[in-house]
2 protein chains.
Amino acid sequence: MITLKDIAKEAGVSVMTVSRVVNMRYSEVSEENIEKINSIINRLGYVPNSSARSLSSKSSKIISIIIQGENNVLETPYNATMLGYIVQHVQECGFNAMVHFINEYSDVTKHLQSWNAEGAIFLGTFDKNILQIQENNKIPLVFTDSYSSVRQLINIGIDDYKGGVLAARHFIENGHREFAFVTLHTSVSQLIQQRLRGFKDTIENAGLSLSEEHILEPFQMEETIQRLTTLKKPVTAIFAAADNTAIELMDQLKKKGYRIPEDFSIIGFDNLPMSRYVSPQLTTISQDIMKKAHYAIDILFQHLNDPALPTQNIILDVELIKRESVLDRNTFAK
Amino acid sequence: MITLKDIAKEAGVSVMTVSRVVNMRYSEVSEENIEKINSIINRLGYVPNSSARSLSSKSSKIISIIIQGENNVLETPYNATMLGYIVQHVQECGFNAMVHFINEYSDVTKHLQSWNAEGAIFLGTFDKNILQIQENNKIPLVFTDSYSSVRQLINIGIDDYKGGVLAARHFIENGHREFAFVTLHTSVSQLIQQRLRGFKDTIENAGLSLSEEHILEPFQMEETIQRLTTLKKPVTAIFAAADNTAIELMDQLKKKGYRIPEDFSIIGFDNLPMSRYVSPQLTTISQDIMKKAHYAIDILFQHLNDPALPTQNIILDVELIKRESVLDRNTFAK
DNA sequence: CTGAAAGCGCTTACAG
DNA sequence: CTGAAAGCGCTTACAG
């Protein structure tokens, strides 16, 4: 391993002069030395030791990306896409991305402090522990999709409630009167609750109803199907809390011989690329994942540069993408 | 920040004794001190500083995961899934995962050396630079899907050639006689070439042929469609080098009014979860991504524990998954 | 079983 | 413009 000392000896100067050149503090070094030292650095392939730098300067250049969950969290396309944009952007800013999949709150602080991360971005639900995490880690912490009531909170979210509203409205406009809401058991978070609330409120404001037994969050998709197809009041319109769920639901309903959208109309959430390729193409609520990722990083760096900046909770808009999975019952034979 | 020194002072011992406890070298410390020190560590929430540890012990506990590409590399489900399994497994082994998206060879060494990574796993094509990378980084380096001729190489690959063979054989058995091969322009790698070769060889061994103009790797999917539908000898069987490509191809063909599999039969590669949900369900060549990821990590740690271990090139099997996107022309009206 | 000393590779803060 | 000294938080290697 080549060190500052090696370069210094070769150049006949002190390590400080080399350090200045490495850190491009050119105004503090003679042109002659800058040139000489840079050429030696290139010839020897010197790479600064980040650990040493981090230890002495208290600046690690590490951004931690903390994702809730442990198993296959990147099989969820939403997480994979977010992570992809974030890592890319972090690199472009000259920082390093360290990725942690985490279930237990205490691990968060451990990882952050262990590497002296300068900031962190959270994907998933950490609401219950946000205060403690903030308490223990005095660095910029950017949460996503949080519904925590903590006042001082940097968060990038989307208008989940409006997503539910848009879905309900679209169903109602198309003549649907009996609704269901489907989510995975594992994803019972505020985020999902908001989508449900927007959906339910809109239905009720229209003088219709979404009863408890039409809200399905069982362990197995099979159980969902079973219940969905045997409800006392048959349902025609299903709002799934995520495209993933919608697509699997659609697949299994089709396998049982049901037609989409004739027997069941479905709306998803996320507008994943995949939703365009299934058949029928999935009508869904879209969120701009790239924008969300970029905002997250940009705000993180703003706070890195100015710790006095007030926190901000940014809510991005959502949009209904009409495709083929919702039947218009107004024109359809009654 | 709490340091060893703080704990030592509180316990009335030297930092060495605390260090021994932190590193669980319990046989070297009195039971009384172990207990006292551990309770102080818990009370104060001490977290060891990994940079300091890395600097003094030359052991960083960092595994770098290097993914070729810069833009949206995790939008490719294969990459996302591999990365997910790898990060999870790395964590379970008590190491930290640092993720780098990289285009230029020189960045590899820079990142590896900068953080003193103890090992690295590569996703994507680095064949041209493997020798240089190995030369500059004397740590265990695990490549995936490499076709490099470097003899000393740790690699986990799959039998791409066989994948091509299986696809061709399936088409031929189902009465197809005119074939095409489709890949994205960006993915012209040995990996893809092997899939093509297996496909082409099998076709030719059956006394049929795959001419140059039936091998399509244009920039835009639209151009592919255009050429595919205007070939002098009309094609009925298309082998796409990846499920991604197959699914997009299928989508666009359907939009133009072609029927799958009646007008065009299609086979993909990877067996992504998505391939089950499209309509018709995609017949594809499957590879076991989880197994691949686990092998990669396991071999990495074996070499970490015993640097003298010989390198190994592990090739996993592939399998044809028959679904609905291939028409049996033997029974179909001729 | 315990600890004092030296050092990992760098930067900060200061003196000149 | 340059450099000697001290220190970041830990571990290694040694002495007792």
Side-chain angles (χ1 to χ4, degrees), chain A residues 1-38 40-41 44-62 96 110-118 139, chain B residues 1-38 40-41 44-62 96 110-118 139:
Chain A
M1 163 179 265
I2 314 286
T3 68
L4 276 192
K5 217 167 151 187
D6 299 326
I7 311 281
K9 193 186 293 177
E10 186 87 5
V13 298
S14 74
V15 291
M16 264 320 295
T17 304
V18 181
S19 170
R20 288 186 177 103
V21 173
V22 168
N23 290 292
M24 301 204 285
R25 287 152 55 179
Y26 289 151
S27 65
E28 305 171 21
V29 185
S30 71
E31 269 200 40
E32 187 197 340
N33 271 337
I34 294 177
E35 227 165 280
K36 193 204 300 181
I37 292 171
N38 266 331
I40 298 177
I41 286 176
L44 268 49
Y46 169 72
V47 178
N49 181 322
S50 293
S51 293
R53 206 175 240 178
S54 171
L55 188 59
S56 62
S57 75
K58 309 279 161 211
S59 145
S60 66
K61 293 272 179 186
I62 289 180
N96 298 98
K110 206 185 301 173
H111 282 121
L112 255 34
Q113 295 191 352
S114 161
W115 288 103
N116 255 290
E118 296 195 47
I139 55 174
Chain B
M1 164 178 262
I2 315 288
T3 68
L4 277 193
K5 217 168 152 185
D6 299 326
I7 311 283
K9 193 186 292 176
E10 186 88 6
V13 298
S14 73
V15 290
M16 264 321 295
T17 303
V18 181
S19 170
R20 288 185 177 104
V21 173
V22 168
N23 291 290
M24 300 202 286
R25 287 154 54 182
Y26 289 151
S27 65
E28 305 171 21
V29 184
S30 71
E31 267 198 43
E32 187 197 342
N33 273 336
I34 293 178
E35 228 164 279
K36 193 203 300 178
I37 292 172
N38 266 331
I40 297 177
I41 286 177
L44 267 50
Y46 168 72
V47 178
N49 181 321
S50 293
S51 294
R53 205 174 239 179
S54 171
L55 188 60
S56 62
S57 74
K58 308 281 161 209
S59 145
S60 65
K61 293 271 177 188
I62 288 180
N96 298 97
K110 206 186 301 173
H111 282 122
L112 255 35
Q113 295 190 353
S114 163
W115 288 103
N116 255 293
E118 297 195 46
I139 55 175

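Quantities reported herein were computed from a predicted structural model and do not represent experimental measurements. Reckoned from all heavy atoms, side chains included, excluding hydrogens, waters and symmetry mates. Numbered from 1 within each chain, the chains take letters A, B, ... in sequence-line order.
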* Hey, what do you get for OG (A:S30) to CZ (A:R20), rounding to the nearest 0.5 Å? ->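 Between A:S30 OG and A:R20 CZ, I get 11.0 Å after rounding to 0.5 Å.
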
* To do: Drop me the distance from A:N33's CG to A:E28's CD, to the nearest 0.5 angstrom.
  =>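 That separation rounds to 13.0 Å.
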
* **Side chain of B:A52 (C-beta onward), nearest among D:dC10, C:dT12, C:dC10** =>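 Of D:dC10, C:dT12, C:dC10, D:dC10 is nearest to the side chain of B:A52.
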
* To do: For A:S57 and A:R53, indicate whether the former's side chain and the latter's backbone hold a donor-acceptor pair under 3.5 Å.
  =>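 Present.
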
* **Backbone of A:E35 reached by a side-chain donor or acceptor of A:N38 within 3.5 Å** =>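 Pair absent, no side-chain N/O of A:N38 close to backbone of A:E35.
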
Using only side-chain N and O atoms of [X], determine if any of them is under 4.0 Å from OP1 or OP2 of [N].
X	N	value
B:N33	C:dT2	yes
A:S30	D:dT2	yes
B:T17	C:dT2	no
B:S57	D:dC10	no
B:S14	C:dG3	yes
B:S56	D:dT12	no

* Passing option when B:S51 is tested against A:S54, A:S51, A:S60 for side chain to side chain donor-acceptor pair (under 3.5 Å) ->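 Only match with B:S51 under side chain to side chain donor-acceptor pair (under 3.5 Å): A:S54.
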
* Which base, if any, makes a Watson-Crick or G-U wobble pair with D:dA15, both distances under 3.5 Å? ->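 Per the H-bond distance test, C:dT2.
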
* Pairwise 5' ranking along DNA chain C for A:T3 and B:V29, keeping only the more 5' one ->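 The answer here is B:V29.
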
Taking [atom1] from [X] and [atom2] from [N], how many angstroms apart are they, rounded to a whole number?
X	N	atom1	atom2	result
B:L55	C:dG9	CG	P	7 Å
B:M16	C:dT2	CE	P	11 Å
A:I34	D:dT2	CD1	C1'	13 Å
B:M1	D:dC8	CE	P	12 Å
A:K36	D:dT2	NZ	P	9 Å
A:R20	C:dC14	CZ	C1'	11 Å
A:K58	D:dC10	NZ	C1'	11 Å
A:R25	D:dT2	CZ	C1'	12 Å

Using a 4.0 Å heavy-atom cut-off across all strands, classify [X] as base, sugar-phosphate, or nothing.
X	value
B:V13	sugar-phosphate
A:S27	sugar-phosphate
B:Y46	sugar-phosphate

